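Below, read A as the first sequence line, B as the second, and so on, with proteins coming before strands; counting in each chain starts at 1. Source: prediction; values computed, not measured. Computation of the quantities below employed the complete heavy-atom set of this structure, encompassing side-chain atoms and omitting hydrogens, waters and symmetry-equivalent molecules.
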Protein chains: 2
Amino acid sequence: MRLSTKAQYAVRAMVSLNLNAGTAPVSLRAISEWEDISLTYLEQLFVKLRRGGIVDSVRGPGGGYVLARDAAQIRVDEIIDSVEESLVPVSCMEANGECACSSDSRCVTHSVWQGLGARIRMFLASMTLADLTAEARQQIKINK
Amino acid sequence: MRLSTKAQYAVRAMVSLNLNAGTAPVSLRAISEWEDISLTYLEQLFVKLRRGGIVDSVRGPGGGYVLARDAAQIRVDEIIDSVEESLVPVSCMEANGECACSSDSRCVTHSVWQGLGARIRMFLASMTLADLTAEARQQIKINK
DNA sequence: AAAATAATTGACAGTTTTAGTCAGGTATGA
DNA sequence: TCATACCTGACTAAAACTGTCAATTATTTT
Ligand code: FES
Ligand code: FES
């Protein structure tokens, strides 16, 4: 029941992006240094984040990435969806649902996992990037 | 964010055990046939379930496994703990907590995962084996 | 006591997923 | 045109997952 580092990194990078967002776009190189994440790995993630409509890219010198919309409108579950990490605890509920549990269409434990998946989704959908950024700002203040 | 089959199988086997529990112990061979899970894999799981205090073993002919206590007293999260599936979404909260996220003791997204882990635990702790078994009985009735 | 049953243990292997790296290509602005 | 920065796809080492196999030990029935 571990979240992949892909999802963890994506969320962390987005917070970092939003924290340091000024008038100019933020380069991946900068995020890479701040968060100590491999640049090439970040590139992979941001391709998906852009396709997911979470960020927009700005090319050329002085370019980088900016939020595609207001931070308060970006939910955490959207970020995770974009990097293609499933939030469903069992495979039988996936898009191409294949469940090997039993010969019957649904096994007896199906509803438990369904409930669990719904809770996870609900929790992550209840938090926005703006929330996380505000929390991060507070924490930085405390550490000083 | 996928639950391992180990955890899925363990819960399913426990429901099956409880469903078919009469006066005599239930053998793993029987569960293996009912649920179509490899016998040797079940053996691995039940060693851990026994050590976790979920079931008791009865050896010899006519032996098998019985619940160590009433089904209403067995929570789903206990079953999953017994087979050593972590319910925590990130490694930094594990017992031997090692977090590679950042040089600081806690990264900005730590609290999100902490909250998520707590929700997962809470949900699974709110359901008992008795609940699942009752649900399974109803479902079987409907299918008939 | 002997045989049959069933649990118990530990080692092992094939497959899949993860967590990245590497090498190059393409678009943009100065 | 040249530096910057994004974009793409192939590739890989390591870990985890999902089991299997072989052998042993304990208990009950005959
Ligand atoms: S059918 Fe969905 S968990 Fe078994
Ligand atoms: S320190 Fe726990 S998630 Fe980063």
Side-chain angles (χ1 to χ4, degrees), chain A residues 1-13 17 24-33 35-52 54-66 68 80 83-86 88-91 94 96 98-101, chain B residues 1-10 12-13 17 24-33 35-52 54-66 68 80 83-86 88-91 94 98-101:
Chain A
M1 206 57 180
R2 192 65 51 79
L3 207 61
S4 68
T5 63
K6 207 163 55 175
Q8 292 182 44
Y9 283 3
V11 175
R12 199 144 61 86
L17 171 58
V26 179
S27 75
L28 289 190
R29 185 175 303 277
I31 296 180
S32 166
E33 280 166 16
E35 298 294 329
D36 196 34
I37 302 175
S38 149
L39 175 60
T40 45
Y41 200 33
L42 272 180
E43 286 174 351
Q44 279 185 36
L45 297 180
F46 273 79
V47 167
K48 291 178 178 173
L49 289 172
R50 189 177 59 79
R51 289 193 187 138
I54 308 288
V55 295
D56 284 331
S57 66
V58 179
R59 312 183 71 139
Y65 285 96
V66 292
I80 297 178
V83 294
E84 291 158 3
E85 162 84 343
S86 167
V88 170
V90 292
S91 56
E94 216 69 47
N96 65 344
E98 255 190 72
C99 185
C101 357
Chain B
M1 206 56 180
R2 193 63 53 78
L3 206 60
S4 68
T5 64
K6 207 164 55 175
Q8 292 181 45
Y9 283 3
R12 198 144 62 87
L17 171 59
V26 180
S27 74
L28 291 189
R29 185 176 304 278
I31 296 179
S32 167
E33 281 166 15
E35 297 294 329
D36 196 36
I37 302 174
S38 150
L39 175 60
T40 46
Y41 200 34
L42 273 180
E43 286 172 350
Q44 278 186 38
L45 298 180
F46 273 79
V47 166
K48 292 178 178 173
L49 289 172
R50 189 177 59 79
R51 288 193 188 138
I54 309 288
V55 295
D56 282 333
S57 68
V58 179
R59 310 182 75 141
Y65 286 94
V66 292
I80 297 179
V83 294
E84 291 158 3
E85 163 83 344
S86 167
V88 170
V90 292
S91 57
E94 216 70 47
E98 256 190 69
C99 187
C101 356

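Each of A/R59 and A/K6 was assigned the nucleotide of DNA chain C with the nearest heavy atom; the assignment lying further toward the 5' end belongs to A/K6. Nearest-nucleotide positions on DNA chain C for A/T5 and A/G60 put A/T5 closer to the 5' end. Ranked by how close their nearest DNA chain D nucleotide is to the 5' end, A/M1 and A/R29 are led by A/R29.
Taking only distance into account, the side chain of A/E43 never meets the base of C/dT21 through a donor-acceptor pair shorter than 3.5 Å. Put simply, the side chain of B/Q8 and the base of D/dT18 share no donor and acceptor less than 3.5 Å apart.
If you measure from atom CG of B/L42 to atom C1' of C/dA7, you get 13 Å, rounded to the nearest angstrom. The CD1-C1' distance, from B/I31 to C/dA7, rounds to 13 Å in whole Å. The distance from atom CG of B/D56 to atom C1' of D/dT27 is 16 Å, rounded to the nearest whole Å. Here C/dT17 presents its C1' atom at 11 Å from CZ of B/R2, a figure rounded to the nearest Å. Rounded to an integer number of Å, the gap from OH of B/Y9 to P of D/dT18 is 8 Å. We find that CG of A/L39 is positioned 10 Å from C1' of D/dC6, with the value rounded to whole Å. Per the geometry, NZ belonging to A/K48 stands 16 Å off C1' belonging to D/dC6, to the nearest Å. Across the protein-nucleic acid pair, A/L28 atom CG and D/dC7 atom P stand 8 Å apart, rounded to whole Å.
Between B/R12 and the choices B/L17, B/T5, B/I37, the side chain to side chain contact (heavy atoms under 4.5 Å, CB included) rule is met once, by B/I37.
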CA sep, side-chain torsions, deciding dist, call: B/V26, B/I31, side-chain contact (heavy atoms from CB on, under 4.5 Å): CA-CA 8 Å; B/V26 180; B/I31 296 179; 3.9 Å; yes
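Between B/S38 and the phosphate of D/dT18, there is no side-chain N or O to OP1/OP2 separation shorter than 4.0 Å. Taking side-chain N and O atoms only, B/Y41 has no distance below 4.0 Å to OP1 or OP2 of D/dC17. Dashed line: the shortest gap from a side-chain N or O of B/R51 to OP1 or OP2 of C/dT9 is under 4.0 Å. A close approach under 4.0 Å does occur between a side-chain nitrogen or oxygen of A/R50 and OP1 or OP2 of D/dC7.
Counting heavy atoms from C-beta on, the side chains of A/Y65 and A/V58 never come closer than 4.5 Å. Using a 4.5 Å heavy-atom cutoff, the side chains of A/M1 and B/V88 are not in contact.
Using a 4.0 Å heavy-atom cutoff across all strands shown, A/Y65 reaches sugar-phosphate atoms only and no base atom. Using a 4.0 Å heavy-atom distance criterion, B/T40 is classed as a base contact.
Ring pair A/Y9/A/Y41 is perpendicular by interplanar angle, where above 60° counts as perpendicular and below 30° as parallel.
Checked against D/dC7, D/dT18, C/dA19, the side chain of A/S4 finds its nearest nucleotide in C/dA19.
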